[in-house]
There are 2 protein chains.
Amino acid sequence: MLSVKLRIPYKKTRGSILMKTPDDLKKAGLKATLPRIKILSLFESSDQRHLSAEDIYKQFVSEDMDVGLATIYRVLTQFEQAGILVRHHFESGKAVYELDHGEHHDHIVCNQCGHVEEFYDEEIEKRQLKVARSRNFKILGHSLQIYADCQEENCSRKIEEN
Amino acid sequence: MLSVKLRIPYKKTRGSILMKTPDDLKKAGLKATLPRIKILSLFESSDQRHLSAEDIYKQFVSEDMDVGLATIYRVLTQFEQAGILVRHHFESGKAVYELDHGEHHDHIVCNQCGHVEEFYDEEIEKRQLKVARSRNFKILGHSLQIYADCQEENCSRKIEEN
DNA sequence: TTTATTGCAAAACCTTTGCATGTAT
DNA sequence: ATACATGCAAAGGTTTTGCAATAAA
């Protein structure tokens, strides 16, 4: 059984979290294959909400599951198109994905350890609309990341570990 | 002689624009070589403020100047480290650079034609500080892009041309 | 002359694709 | 049985690097 562990509490006012299940696969016209179910369950259960193809691949290797990298890339792309995952490009140079719970938010990323937290600021959203309106652009989306040091005692450049 | 053409007016209140010259190269401990001078002058004179390595390479080829792509990449990196250019990663997947005039701003990018405009919103900046403070992060920087349609009459999916 | 810089080709990275094999329905 | 998924290896696109040849100081 899949379970959800969220480190970051969502505001009540912005709706509730829906768990993604193998049923979501069928709804998206995707067969419930082992790689797909495993990937989905990784996102549900991992304490990292944001995973790259490589992260997933390494996790599988460490569990002696062998799923090709190509499959992982293909599944991630399909999940994104199906609205199950959202893709982000942080400065790392590689794409990371997270479950799409339908609630837009932005990210604050620790430059030292890679720790990611989410935030949503109504005022920032509003100002963006204003900027776009004043220049006669029609907003399709946006991407905002704050790069920072998280200053947690266990934040010690873990990123170097590989 | 190099000249500056800015499509986007800067607010008076945020300082004045300084032109980058071959002297800036020396100050950065870089020899004033032809490729470096040409690249600098391209940024000064182009009506596109945001250029990728490829953009520069193509421009040079069209002028029968032959500068290797590797050199362009190396020079862009050096210029970034010297504080002459700033690098951005828009969704295109390739890095683009622009002159660093020391004035932070964010970008609104047209999804159809790739047209880029700059903006600076005090309120957005402030709210980011607040978000970081409330989570005990120390901000190092941020990256904000709004993706939109620019709705200009000459915006006709020019991006497809190549 | 000395040291930095260039060009070329090769390699490194991340990601995508072709194709024969395998699996869910 | 049929259509869809997978794995592998090869190829794509962007960026970096090694090294001998070249140019700036």
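Chain naming here is simple, since letters A, B, ... match the order of the sequence lines and numbering starts at 1 in each.
As judged by a 4.0 angstrom heavy-atom cut-off over every strand, B:Ala53 is placed among residues making no nucleic acid contact.
Between A:Phe90 and A:His88, the ring planes lie parallel to each other; the angle is under 30°, not in the 30° to 60° tilted range.
At a cut-off of 3.5 Å, with distance as the only test, a side-chain donor of B:Glu122 or B:Tyr120 sits close to an acceptor on the other residue. Side chains of A:His105 and A:Glu117: no donor on one and acceptor on the other come within 3.5 Å.
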Verdict with reasoning, A:His115 to A:Gln48, per side-chain hydrogen bond (donor to acceptor under 3.5 Å, both in side chains): CA-CA 8 Å; A:His115 173 65; A:Gln48 261 190 94; over 6 Å; no
Show which side-chain atoms of residues 77-87 of chain B pair as donor or acceptor with protein atoms under 3.5 Å away, not counting sequence neighbours.
unit_1, atom_1, unit_2, atom_2, d
B:Thr77, OG1, B:Tyr73, O, 2.9
B:Gln78, OE1, B:Arg36, NH1, 2.8

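Under the salt bridge (Lys or Arg N to Asp or Glu O under 4.0 Å) criterion, A:Glu63 pairs with A:Lys38, sequence neighbours left out. Residues forming a salt bridge (Lys or Arg N to Asp or Glu O under 4.0 Å) with A:Arg133 (at least two apart in sequence, or on another chain): none. Scored by the salt bridge (Lys or Arg N to Asp or Glu O under 4.0 Å) test, B:Lys31 finds no partners at all (sequence neighbours excluded). Contacts of A:Gln145 classified as side-chain hydrogen bond (donor to acceptor under 3.5 Å, both in side chains), with partners at least two apart in sequence or in another chain: A:Ser143, A:Tyr147. For the side-chain hydrogen bond (donor to acceptor under 3.5 Å, both in side chains) test, residues two or more places apart in sequence or in another chain that qualify with B:Asp24 are B:Lys27. In this structure A:Asp55 satisfies the salt bridge (Lys or Arg N to Asp or Glu O under 4.0 Å) test with no other residue, sequence neighbours excluded.
Each end of the helix from C:dT1-D:dA25 to C:dT25-D:dA1 gets its own rotation axis from five pairs of C1' atoms, and the angle between them is 30° to the nearest 10 degrees.
Hydrophobic cluster membership for B:Ile139: A:Ile108, A:Phe119, A:Ile124, A:Leu129, A:Val131, A:Phe137, A:Ile139, A:Leu144, A:Ile146, B:Ile108, B:Phe119, B:Ile124, B:Leu129, B:Val131, B:Phe137, B:Leu144, B:Ile146 (Ile, Leu, Val, Met, Phe, Trp, Tyr linked by side-chain heavy atoms under 4.5 Å, directly or transitively).
A heavy-atom distance below 4.0 Å to DNA chain C is reached by these residues of residues 79-97 of chain A, ordered by number: A:Lys94, A:Ala95.
Contacts between chain B and DNA chain D, taken as any atom within less than 4.0 angstrom of a protein heavy atom, begin and end at D:dT14 to D:dA25.
In this entry the distance linking OH of A:Tyr57 with P of C:dC13 reads 15 Å, nearest Å.
Residue A:Tyr73 places none of its side-chain N or O atoms closer than 4.0 Å to OP1 or OP2 of C:dT16.
Looking at every heavy atom in both residues, B:Val67 comes nearest to B:Pro35 through CG1-CB, 4.1 Å.
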Are there any protein N/O atoms within less than 3.5 Å of an N/O atom in nucleotides 2-9 of chain C, and if so, which ones and at what distance?
unit_1, atom_1, unit_2, atom_2, d
C:dT3, O2, B:Lys31, NZ, 3.1
C:dA4, O4', B:Lys31, NZ, 3.0
C:dT5, OP1, B:Lys31, N, 3.2
C:dT5, OP1, B:Arg36, NH2, 2.1
C:dT5, O5', B:Arg36, NH2, 3.1
C:dT6, OP1, B:Thr33, OG1, 2.8
C:dG7, OP1, B:Asp66, O, 3.0
C:dG7, OP2, B:Gly68, N, 3.0
C:dG7, OP2, B:Thr71, OG1, 2.6
C:dG7, N7, B:Arg74, NH2, 2.8
C:dG7, O6, B:Arg74, NH1, 3.3
C:dG7, O6, B:Arg74, NH2, 3.3

